[in-house]
J.: 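One structure, pasted below without further comment.
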Amino acid sequence: MELQLALDLVNIPEAKEVVAEVAEFIDIVEIGTPVVINEGLHAVKAIKEAFPHLRVLADLKIMDAGGYEVMKASEAGADIITVLGVSDDSTIKGAVAEALKQGKQVMVDMINVKDIEGRAREIDAFGVDYICVHSGYDHQAEGKNSFEELAAIKRVVKQAKTAVAGGIKMETLPEVIQANPDLVIVGGGITSQADKKATAAQMNELVKQA
Ligand SMILES: O=C([C@H](O)CO)[C@H](O)[C@H](O)COP(=O)(O)O
């Protein structure tokens, strides 16, 4: 099981500071959608250059032009790029084809997908690398999480790795780990803590034991 740190509410210098603090305890660093909106793909480039040993995920949440956007994120140094599960099949297939060409990986974010099992089964057949269930900020504000959805994709996904994101904290991490995803994604659960390094270290220990 691996741990991904999501950076959402920072600029490039702040992102570098946080990653420097926790780098030894994470496998993947995510340049979150708000960071890409504010800073562009420069943020991906800056983090990859500063931390070449870490895999960098560009959370573009691609909805259209899958091949082109995967190409641009790849040029910036992203190792993994996100595409939305609600997007057209052709968008996901285009993203996968381009990622294969570039030696990169595609993660499908299932945010707001209604038929999680059915869509995960379809998307798994497209050859994506990760399928991620995700409670976004707006869902989290309504007290929701994606833990049941994780169990649902675990039932049907045969080829892709499974991932879970959205509001995961130290207190909820054991429940998440029990469902046995391949990748756990944590943003605020680390970045909002006074001691980010200690929190990332504890989370890493739990994740690696699983
Ligand atoms: O993808 C995310 C969200 O939609 C904002 O772009 C976050 O990276 C993801 O939810 C993980 O962050 P936390 O919910 O703070 O753990």
Side-chain angles (χ1 to χ4, degrees), residues 1-12 14-15 17-19 21-22 25-41 43-44 47 54-63 69 73 78-87 95 105-113 116 128-150 153 161-177 179 181-204 206-207:
M1 197 176 293
E2 294 193 307
L3 181 62
Q4 175 173 313
L5 169 73
L7 295 171
D8 288 295
L9 307 174
V10 289
N11 57 28
I12 293 174
E14 289 163 347
E17 243 175 74
V18 178
V19 179
E21 213 178 325
V22 304
F25 302 114
I26 60 173
D27 301 290
I28 301 172
V29 57
E30 168 187 334
I31 302 304
T33 318
V35 178
V36 177
I37 287 170
N38 292 332
E39 303 268 16
L41 286 168
V44 172
I47 295 297
L54 284 177
R55 278 171 284 158
V56 175
L57 176 142
D59 190 16
L60 301 193
K61 294 190 176 75
I62 294 171
M63 183 65 182
E69 295 188 2
D79 300 287
I80 309 170
I81 302 103
T82 63
V83 181
L84 292 177
V86 293
S87 64
Q105 293 189 308
V106 166
M107 177 185 289
V108 172
D109 184 333
M110 301 294 277
I111 190 167
N112 285 339
V113 169
I116 285 281
V128 305
D129 299 284
Y130 294 87
I131 296 181
C132 177
V133 289
H134 180 199
S135 260
Y137 285 179
D138 299 337
H139 253 200
Q140 290 175 40
E142 294 170 359
K144 295 179 183 155
N145 65 46
S146 283
F147 304 166
E148 278 178 25
E149 292 185 338
L150 175 57
I153 62 164
K161 290 185 173 169
T162 55
V164 55
I168 299 169
K169 310 260 178 281
M170 196 62 211
E171 307 81 69
T172 51
L173 184 59
E175 183 186 345
V176 170
I177 288 173
D182 296 294
L183 177 66
V184 179
I185 301 171
V186 182
I190 293 174
T191 57
S192 68
Q193 297 298 307
D195 193 342
K196 299 175 192 36
K197 188 172 184 168
T199 308
Q202 279 174 7
M203 288 189 161
N204 174 274
L206 289 182
V207 161

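Note that ligands are numbered from 1 as they come in the structure, with each ligand's atoms numbered from 1 the same way.
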J.: How many angstroms lie between atom OG of S146 and atom NE2 of H139, to the nearest 0.5 angstrom?
T.: 8.0 Å
J.: Applying salt bridge (Lys or Arg N to Asp or Glu O under 4.0 Å) to D59 and K61, what does each step give before you reach the verdict?
T.: CA-CA 6 Å; D59 190 16; K61 294 190 176 75; 2.9 Å; yes
J.: Give the intermediate values and the outcome of side-chain contact (heavy atoms from CB on, under 4.5 Å) for residues I81 and L57.
T.: CA-CA 6 Å; I81 302 103; L57 176 142; over 6 Å; no
J.: Using a strict cut-off of less than 4.0 Å between a Lys/Arg side-chain nitrogen and an Asp/Glu carboxylate oxygen, indicate whether K169 and E171 qualify as a salt bridge.
T.: no
J.: Before signing off on this row, confirm whether G187 and ligand 1 have an N or O atom pair separated by under 3.5 Å.
T.: yes
J.: Considering only protein heavy atoms, which is closest to atom 8 (O) of ligand 1, and at what distance to one decimal place?
T.: D8 OD2, 2.7 Å
J.: Could you tell me whether T191 approaches ligand 1 through its side chain, its backbone, both or neither, with non-hydrogen atoms closer than 4.0 Å?
T.: neither
J.: Is there at least one pair of N or O atoms, one from G167 and one from ligand 1, spaced under 3.5 Å apart?
T.: yes
J.: Which of the atoms in ligand 1, numbered in the order shown and given with their element, are less than 4.0 Å from a heavy-atom of D59?
T.: 1 (O)
J.: Start with the C-alpha distance between S135 and N145, add both sets of side-chain angles, then the distance that settles side chain to side chain donor-acceptor pair (under 3.5 Å), and finish with yes or no.
T.: CA-CA 5 Å; S135 260; N145 65 46; 5.8 Å; no
J.: Could you tell me which atoms of ligand 1, counted from 1 in the order shown, lie closer than 4.0 angstrom to a heavy atom of E30?
T.: 1 (O), 8 (O)
J.: For a quick test of reading the model, state the closest non-hydrogen atom pair linking F25 to A200 and the distance between them.
T.: CB-O, 3.7 Å
J.: Determine, using heavy atoms of G32 and all atoms of ligand 1, whether some pair is separated by less than 4.0 Å.
T.: no
J.: Can you name the one residue among V176, V207, L206, L183 that meets side-chain contact (heavy atoms from CB on, under 4.5 Å) with M1?
T.: V207
J.: Heavy-atom contacts with A6 under 4.0 Å: which atoms of ligand 1 show up? List them by number with element.
T.: 8 (O), 11 (C)
J.: With heavy atoms of Q140 as the reference, note each atom of ligand 1 found under 4.0 Å away.
T.: 10 (O), 14 (O)
J.: Just to confirm my output: which protein heavy-atom neighbour is closest to atom 15 (O) of ligand 1, and how far is it?
T.: G188 N, 2.9 Å
J.: For atom 9 (C) of ligand 1, find the nearest protein heavy atom and state the residue, atom name and distance (0.1 Å precision).
T.: H134 NE2, 3.5 Å
J.: Scan side-chain atoms only and decide if D109 and T82 contain a donor-acceptor pair under the 3.5 Å cut-off.
T.: no
J.: Where is the tightest heavy-atom contact between T33 and D8, given as atom of each residue plus distance?
T.: N-OD1, 3.8 Å
J.: Check this for me - ligand 1, G189, N or O atoms closer than 3.5 angstrom, yes or no?
T.: no
J.: If you measure every N/O of K61 against every N/O of ligand 1, is any gap under 3.5 Å?
T.: yes
